[in-house]
Amino acid sequence: YYGDFPEDKIDLVYQSCSTRFSQSVSPSLIEEARRKYHLPQRYILNVGTVEVRKNILLGIQTMAKLPSDLHLVVVGRLTKYQKKLDAEIRRLGIGNRIHFLQGVPNDLLAAIYNQAEAFIYPSRYEGFGIPIIEAIQSGLPVVAATGSCLEEAGGPDCLYVGPDDVDGNAAAILSAIEHRQEMVVKSQHYVKRFENQDVASQILEVYNKV
């Protein structure tokens, strides 16, 4: 029971997600994004406001344990949390491998997703985790944090690690890159349930049952 209401009378319909990141990205946009933002040859990606609860500190600490030619690109609005991140970047001596981008328009964001090798989302808590779905739609394997709702957003074929587990995060990223194709195919099937048309049909089905 949920309060005094019988559980068998409750239907769950997830929020919808645009399908724009499922669309192919033109070579010209890919080149524009790489040139405009000086994108590295190899990178993992994170998208979201750079704030404490998003926990990109874990991603930065992980970079010190990954191959030196692999970079981290973070797209999102900066906050005071940046000072702590900058201090950690200096401590680890990896400033040339961490890239912060702001104010990226959607078409170029799609091009940035398109060129990444994996997506990380180590957030400690979320309302849902739409960037995970965008990443999967873009063909990226996802490594996210346990302990929030992210397993529900990403599904069983993403990888999940503790929000403070640096070694586990590094191992998961390397595994995601290695097994990218099989992870993405299964995950893309899973996230179709969140896409606009499918969500609309679920809502209609609920109304038809009433």
Side-chain angles (χ1 to χ4, degrees), residues 17 21 33-34 37-67 69-89 92 94-106 108-151 153-154 158-166 168-177 180 183-184 187 191:
C17 179
F21 291 96
R34 183 168 290 280
Y37 298 111
H38 307 288
L39 297 176
Q41 191 65 35
R42 298 188 64 208
Y43 63 91
I44 58 175
L45 179 65
N46 170 263
V47 175
T49 304
V50 182
E51 59 182 325
V52 174
R53 71 179 176 88
K54 298 286 189 179
N55 192 36
I56 195 54
L57 178 65
L58 177 67
I60 288 169
Q61 293 169 334
T62 300
M63 295 309 299
K65 297 181 177 291
L66 293 174
D69 66 331
L70 192 59
H71 293 230
L72 172 63
V73 173
V74 181
V75 179
R77 180 177 58 82
L78 302 182
T79 68
K80 294 179 180 179
Y81 181 49
Q82 184 70 35
K83 292 182 179 179
K84 182 174 183 178
L85 302 181
D86 288 341
E88 187 68 1
I89 291 167
L92 294 171
I94 55 172
N96 63 320
R97 295 172 58 201
I98 312 296
H99 311 264
F100 292 96
L101 309 178
Q102 300 181 72
V104 177
N106 278 333
L108 293 183
L109 178 58
I112 293 171
Y113 271 117
N114 182 271
Q115 297 174 76
E117 295 193 16
F119 186 81
I120 60 169
Y121 206 69
S123 183
R124 293 185 182 278
Y125 60 92
E126 283 293 324
F128 187 55
I130 289 293
I132 287 179
I133 299 172
E134 294 175 349
I136 293 170
Q137 290 174 334
S138 300
L140 297 182
V142 171
V143 177
T146 58
S148 184
C149 59
L150 302 182
E151 290 101 328
C158 297
L159 299 177
Y160 303 94
V161 298
D164 299 301
D165 186 356
V166 177
N169 198 47
I173 289 169
L174 293 175
S175 179
I177 292 172
R180 175 175 181 167
M183 286 179 63
V184 167
S187 294
V191 300

### Query
Can Gln102 and Leu78 be said to form a side-chain contact (heavy atoms from CB on, under 4.5 Å), step by step?
CA-CA 8 Å; Gln102 300 181 72; Leu78 302 182; 3.2 Å; yes

### Message
Which residues pass the side-chain contact (heavy atoms from CB on, under 4.5 Å) test with His71, not counting sequence neighbours?
### Response
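Checked His71 against side-chain contact (heavy atoms from CB on, under 4.5 Å); matches are Pro40, Tyr43, Arg97, His99.
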
Please name the pair of heavy atoms, one in [X] and one in [Y], separated by the smallest distance, quoted to 0.1 Å.
{"X": "Arg124", "Y": "Ser148", "answer": "O-CB, 3.7 Å"}
{"X": "Val142", "Y": "Ala135", "answer": "CG2-CB, 4.0 Å"}
{"X": "Met183", "Y": "Ala176", "answer": "SD-CA, 3.7 Å"}
{"X": "Asn55", "Y": "Ser123", "answer": "CB-CA, 4.3 Å"}
{"X": "Asn46", "Y": "Ile120", "answer": "ND2-O, 3.0 Å"}
{"X": "Pro141", "Y": "Val184", "answer": "N-CG2, 3.6 Å"}

### Task
Determine the sole option in Thr62, Leu159, Ile132 for which the side chain to side chain contact (heavy atoms under 4.5 Å, CB included) test with Val143 is passed.
Leu159

#### Entry: Full working for side-chain contact (heavy atoms from CB on, under 4.5 Å) between Leu70 and Ile177
CA-CA 11 Å; Leu70 192 59; Ile177 292 172; 4.0 Å; yes

### Worked check of side-chain contact (heavy atoms from CB on, under 4.5 Å) between Leu57 and Glu88
CA-CA 8 Å; Leu57 178 65; Glu88 187 68 1; 3.7 Å; yes

### Task
Scan residues 73-84 for pairs that pass side chain to side chain donor-acceptor pair (under 3.5 Å), counting only residues two or more places apart or in two chains.
Gln82-Asp86

### Query
Between Glu117 and Arg180, is there a side-chain N and carboxylate O pair less than 4.0 Å apart?
no

